[in-house]
Amino acid sequence: MQEPNTPPSNIEDDGARSSVTVKPSVKIDKYFRAMCKHQASDLHLKADSPAKFRLKGAIRNIDSTPIPNDEIEAMMFQIMTETQVAKYQELGSMDFAYQLQEGDRFRINIFRQRGKSSVAARRIQRLIRNFEELNLPPGLAKLTEYHQGLVLLAGITGSGKSTTIAAMLEQINQTRACHIVTLEDPIEFLYDDKKAFVNQREIGLDVDDFHNALKYLMREDPDVILIGELRDEETFGAALAAAETGHLVFGTIHASTASSTIARILELFPEDGRALVRSSLVFNLQAVVCLKLLPGIHPDIPRVPCCEVMICNSTIRKMIGDARDNEISNALRSFHLEGMIDFTESLRRLVEAELISVKTAYTVAPNPDELKMRLKGISVMAGGIIG
């Protein structure tokens, strides 16, 4: 698939966040290259502690030598601009992206703790993989066929939300003549124009902040919109407004299940405005996909996504409108033929496909007893048990 374009070196930024920095080989590069070699997802550096990788979801030391604070700061300041260093020293935290000369990209956060510096760096996949390659339910492809509404990806940090959205946008890019606009902090995947054409705006580089990005969004004539993270009333309100005016909007939110996603959305708004937001969700929410990444049992598939998929049919919309969010999880069991799936069913399928172990499935199952019954071929429906 597409390779990232190499941006110019030493890009300066006057905002609190930055662009991608590309510089000649520096000391930190050895850690980033090792991440790529070992397929690690994250690098963690903490003053006076050994460097650590996240491998297959687990944190592991990669050597036994503690790294002094001065060395961590020297490595990071070498790849940061003067503006970024100044902002970090002022604010105690700094987000930016970095790219090796080979093209591999990393999303980096340097932050101060107990007066010293720590670093968390996420490796960004260079290729956009499709649903099959990601072991995602094939039904997710249908969500890319919508032309209007809101599609949410929910989960904790590192659960695969960005990777899944990238697969969705690339599917649209390959199949639909339209204009895709993304607002990201920072840009994680780069798209080549195919049947669609894509404009990607990075907060801190292309526009100062989300407020200004959202202000001008509708003037850019988008058909499909990605708002990287729906983090507050302003960003979610803009996403709903765009969906209401006939656009297809993708966004991410921190929530663990489809039903808790509704509650999380409402928490972003003042209590006296939540009824109006709920009404807007009834008409504009198209789907919620909740993700968890689990350790796989095959060496070439280190982590596997477990999904809960809620598609807003008439039953789901009525539950949302009537504030019966607590009934959504049970309702998902009744609509598997429509592409919906709850976490327990997803676990069953992953076990039967021999992608995860039974032990892993039981460990994360919302209801281990129900999972045990499903693995025995017994379906538990909302109203009882059927064989």
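No experiment lies behind these values; they were computed from the predicted model shown. Computed over heavy atoms, backbone and side chain alike; hydrogens, waters and symmetry mates excluded.
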| request: Would you check if the side chain of Asp29 reaches a backbone N or O of Val26 as a donor-acceptor pair within less than 3.5 Å? | output: yes
| query | Going from CZ on Phe250 to CG on Leu230, what distance comes out if it is rounded to the nearest 0.5 angstrom? | reply | 12.5 Å
| request: Considering non-hydrogen atoms only, spot the tightest contact between Pro222 and Val181 and give its length. | output: CB-CG2, 3.8 Å
| request: Identify whether NZ of Lys or CZ of Arg in Arg112 sits under 6.0 Å from the centre of the six-membered ring of Tyr88 and within 45° of that ring's axis. | output: yes
| Any chance OH of Tyr362 has more than 12 other-residue heavy atoms, nucleotides or ligands included, within less than 6.0 Å? | yes
| field | Considering all heavy atoms, the nearest Ala365-Leu347 contact | value | CA-CD1, 3.6 Å
| In terms of side-chain heavy atoms, does Glu234 have a donor or acceptor partner in His211 at a distance below 3.5 Å? | yes
| message | Using the side-chain hydrogen bond (donor to acceptor under 3.5 Å, both in side chains) criterion, which residues pair with Arg348? Sequence neighbours excluded. | response | Glu345, Glu352
| message | Is there a salt bridge (charged side-chain N to carboxylate O under 4.0 Å, His left out) between Arg278 and Asp325? Walk through the geometry before answering. | response | CA-CA 11 Å; Arg278 185 178 285 278; Asp325 307 333; 3.0 Å; yes
| Taking Asn173 as the fixed residue, which of Thr144, Ile128, Val198 is the one that meets the side-chain contact (heavy atoms from CB on, under 4.5 Å) rule? | Val198
| Within a radius of less than 6.0 Å around NZ of Lys372, do more than 12 heavy atoms belonging to other residues, nucleotides or ligands occur? | no
| task | Identify which one of Arg122, Arg123, Arg107 satisfies the side chain to side chain donor-acceptor pair (under 3.5 Å) criterion when paired with Asp42. | result | Arg122
| field | Check: Glu308 and Ile341 side chains under 4.5 Å, non-hydrogen atoms | value | no
| request: Please check if any side-chain donor atom of Thr182 sits under 3.5 Å from a side-chain acceptor atom of Asn199, or the reverse. | output: no
| query | Between Gly155 and His254, which heavy-atom pair has the shortest distance, and what is it? | reply | O-ND1, 3.4 Å
| Plane angle bin for His38 and Phe53 - parallel if under 30°, tilted between 30 and 60°, otherwise perpendicular | tilted
| request: Could you name each residue pair satisfying side chain to side chain donor-acceptor pair (under 3.5 Å) that touches residues 153-168, not counting sequence neighbours? | output: Ser162-Glu188
| query | Looking at residues at least two apart in the chain, or sitting in another chain, which of them share a side-chain hydrogen bond (donor to acceptor under 3.5 Å, both in side chains) with Asn135? | reply | none
| said: A side-chain contact here means heavy atoms from C-beta on lying under 4.5 Å apart; do Phe189 and Arg105 qualify? | reply: no
| said: Can a donor-acceptor pair be found, under 3.5 Å and without considering hydrogens, that links the side chain of Thr235 to the backbone of Arg231? | reply: yes
| Heavy-atom donor-acceptor pair, Asn130 side chain to Glu132 backbone, under 3.5 Å | yes
| Is there a side-chain contact between Leu43 and Arg54, using heavy atoms and a 4.5 Å cut-off? | no
| Side chains of Glu327 and Asp322: closer than 4.5 Å at any heavy-atom pair? | no
| message | Using side-chain heavy atoms (C-beta onward) and a distance below 4.5 Å, is Glu170 in contact with Arg129? | response | no
| message | Below 30° counts as parallel, above 60° as perpendicular, anything between as tilted: where do the rings of Phe32 and Tyr98 land? | response | tilted
| Quick one: do Leu217 and Leu169 end up in the same hydrophobic cluster if we chain Ile, Leu, Val, Met, Phe, Trp and Tyr together by side-chain heavy atoms under 4.5 Å apart? | yes
| Does NZ belonging to Lys46 count more than 12 external heavy atoms closer than 6.0 Å? | no
| message | Testing the 3.5 Å rule here: is there a donor-acceptor pair between the side chains of Thr360 and Thr363? | response | no
